[in-house]
Amino acid sequence: MTTTVYYNGDVNEAALQGKKVAIIGYGSQGHAHALNLKESGVDVVVGVRQGGSFNKAVEDGHHVVSVAEAAKLGDLVMVLLPDEQQAKVYEEEIKQGLEAGNSLVFAHGFNVHFSQIVPPADVDVFLVAPKGPGHLVRRTYEEGAGVPALFAIYQDVTGNAKETALAYAKGVGSARAGVLETTFKEETETDLFGEQAVLCGGLTSLVKAGFETLVEAGYQPEVAYFECLHELKLIVDLMYEDGMAGMRYSISDTAQWGDFVSGPRVVDGRSKEAMKEVLKDIQTGKFAKEWILENQANRPQFNAINNNENEHQIEVVGKKLRAMMPFVKSKQIKKEAVSVSAKN
Ligand SMILES: NC(=O)C1=CN([C@@H]2O[C@H](COP(=O)(O)OP(=O)(O)OC[C@H]3O[C@@H](n4cnc5c(N)ncnc54)[C@H](OP(=O)(O)O)[C@@H]3O)[C@@H](O)[C@H]2O)C=CC1
Ligand SMILES: CC[C@](O)(C(C)=O)C(=O)O
Ligand SMILES: [Mg+2]
Ligand SMILES: [Mg+2]
């Protein structure tokens, strides 16, 4: 199957002209989509509950109303609430506001793919999923670039769903970087797999295991932090810019030989078997079911693990070292006060 990548020049901007876009939720993705779309000339209304992020959206100059009101006002309703909250809020506040011919849009297919939200038959349903954290969706847009995105059409009642999805992707800056067509199934399963096995779960486990190995062997935690966490960004930046070969071009031949002979000893066939099991749990819905149940029980395991992780020695040492490096600036939600409650 050949993949078509869409860029700004392929997009019919008129698809969003005269339409109001309701951004539901003003957290990581919500604030980025709302600000980027607005600066791209799109008519945006933000729907959010009273509290921290409501005030932030007002401060950012948006027209801010309740979730139910925004769902009513929007011709296109983009749901940017945490995945585990979406089904309840959709039932109670969003679905009543949808009219025939509207677009119901997501940035991740979780709720539709796992049947937690069953959209009405008379609206377009699609996703536009930036392949990066919301704060980078905003930052890269401000820098004149964008975060690549996937789009997928679940339901096309107007015949214009694809045009509208691409116009939306252009508005958030993603069509500057490239927009690829996928399905809800592919986006949902690959996104969950990527974040669990590689980008978030795989990476933090790898970094912690390396740090612990050095510290347990008697090396200084500060040195272990620089080797196993801080330097990671510099290496990943090279991979981001020029692939693995580009990174290997920059490192010493000694490091490259160590990469070839020791990397496969650490991440080996057993890791790949574990990855296959992780993927299977995603595909069968086992992961989704357990995550939904964990939320219904008020997140006992999530909170306990989160507290332990935050107290890990690598976090304590890292905090101290980062304070000594003024050029390493946190640009995270803690400082912006966006959605702190949702993340805590
Ligand atoms: N995080 C990311 O970078 C990415 C996320 N996505 C997808 O985007 C979507 C949004 O994720 P993300 O941006 O992380 O979400 P956040 O956790 O950042 O969303 C927080 C926002 O949702 C509001 N909110 C939370 N719970 C409720 C509720 N019960 N009722 C009403 N409002 C509520 C918060 O309000 P308050 O401030 O009052 O708590 C806040 O405005 C998800 O589908 C996710 O999978 C896709 C790509 C990347
Ligand atoms: C990698 C995590 C992510 O999938 C993302 C930023 O794309 C998420 O769900 O936050
Ligand atoms: Mg993702
Ligand atoms: Mg994700």
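Order of appearance sets the numbers: ligands from 1, and atoms from 1 within every ligand. Scope of the values below: all heavy atoms of this structure, side chains included, with no hydrogens, waters or symmetry mates. All figures in this text were calculated on a predicted structure; none of them were measured in a lab.
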Does the Asp124 side chain pair with the main chain of Thr158, one donor and one acceptor, at a distance under 3.5 Å? yes
Lys/Arg-Asp/Glu bridge criterion (N-O < 4.0 Å) met for Asp43, Lys19: no
So does Glu187 pair up with Lys131, basic N to acidic O under 4.0 Å? yes
Can you find an N or O of [X] that's nearer than 3.5 Å to an N or O of ligand 1?
| X | value |
| --- | --- |
| Gln50 | no |
| Val89 | no |
| Gln29 | yes |

Short version for Lys88: what comes under 4.0 Å of ligand 1, heavy atoms counted, is neither
Structural part of Gln85 in contact with ligand 1, heavy atom criterion under 4.0 angstrom: side chain
Below 4.0 angstrom from a heavy atom of [X], which ligand 1 atoms are there? Numbered from 1 as shown, please.
| X | answer |
| --- | --- |
| Pro130 | 47 (C) |
| Leu80 | 8 (O), 10 (C), 19 (O) |
| Gly132 | 3 (O), 48 (C) |
| Tyr26 | 21 (C), 40 (C), 41 (O) |
| Ser53 | 34 (C), 35 (O), 36 (P), 37 (O), 38 (O), 40 (C), 41 (O) |
| Gln86 | 42 (C), 43 (O) |
| Val48 | 41 (O) |

Nitrogen or oxygen contacts under 3.5 Å, ligand 2 side and protein side:
| unit_1 | atom_1 | unit_2 | atom_2 | d |
| --- | --- | --- | --- | --- |
| ligand 2 | 4 (O) | Asp191 | OD1 | 3.1 |
| ligand 2 | 4 (O) | Asp191 | OD2 | 3.2 |
| ligand 2 | 4 (O) | Glu195 | OE1 | 2.5 |
| ligand 2 | 9 (O) | Glu195 | OE1 | 3.0 |

Below 4.0 Å from any atom of ligand 1, is there a heavy atom belonging to [X]?
| X | result |
| --- | --- |
| Ala57 | no |
| Ser28 | yes |
| Val67 | no |
| Ala129 | no |
| Glu93 | no |

Compare all side-chain heavy atoms of [X] with those of [Y] and state whether any distance is below 4.5 angstrom.
| X | Y | result |
| --- | --- | --- |
| Met275 | Phe193 | yes |
| Leu76 | Thr164 | yes |
| Leu229 | Phe211 | no |
| Gln86 | Ile117 | yes |
| Lys289 | Lys286 | no |

Which atoms form the tightest heavy-atom contact between [X] and [Y], and what is the distance?
| X | Y | result |
| --- | --- | --- |
| Ile24 | Ala71 | CD1-N, 4.2 Å |
| His63 | Val44 | CB-O, 4.3 Å |
| Gly74 | Ala22 | CA-CB, 3.9 Å |
| Ala175 | Lys170 | CB-CA, 3.8 Å |

Under 6.0 Å between the ring centres of Tyr154 and His113? no
Can you tell me how the ring of Tyr168 sits relative to the ring of His33, calling it parallel under 30°, perpendicular over 60° and tilted otherwise? tilted
Apart from Leu73 itself, residues in the same hydrophobic cluster as defined by side-chain heavy atoms under 4.5 Å: Val45, Val65
Contacts of the Mg ion (ligand 4) with protein N/O/S atoms, counting only those under 2.8 Å: Asp191 OD2, Glu195 OE1
Can you give each donor-acceptor pair under 3.5 Å made by side-chain atoms of residues 213-227, sequence neighbours left out, with the distance rounded to 0.1 Å?
| unit_1 | atom_1 | unit_2 | atom_2 | d |
| --- | --- | --- | --- | --- |
| Thr213 | OG1 | Ala209 | O | 2.6 |
| Glu222 | OE2 | Lys320 | NZ | 2.9 |
| Tyr225 | OH | Arg322 | NH1 | 2.8 |

Ring-face cation contact, Tyr26 with Arg49, 6.0 Å cut, 45° max: no
Minimum distance, heavy atoms only, to atom 19 (O) of ligand 1: which one of Pro82, Ser66, Pro133, Gly25 is it? Pro82
CD1-CD distance between Ile305 and Glu309, expressed to the nearest 0.5 angstrom: 8.0 Å
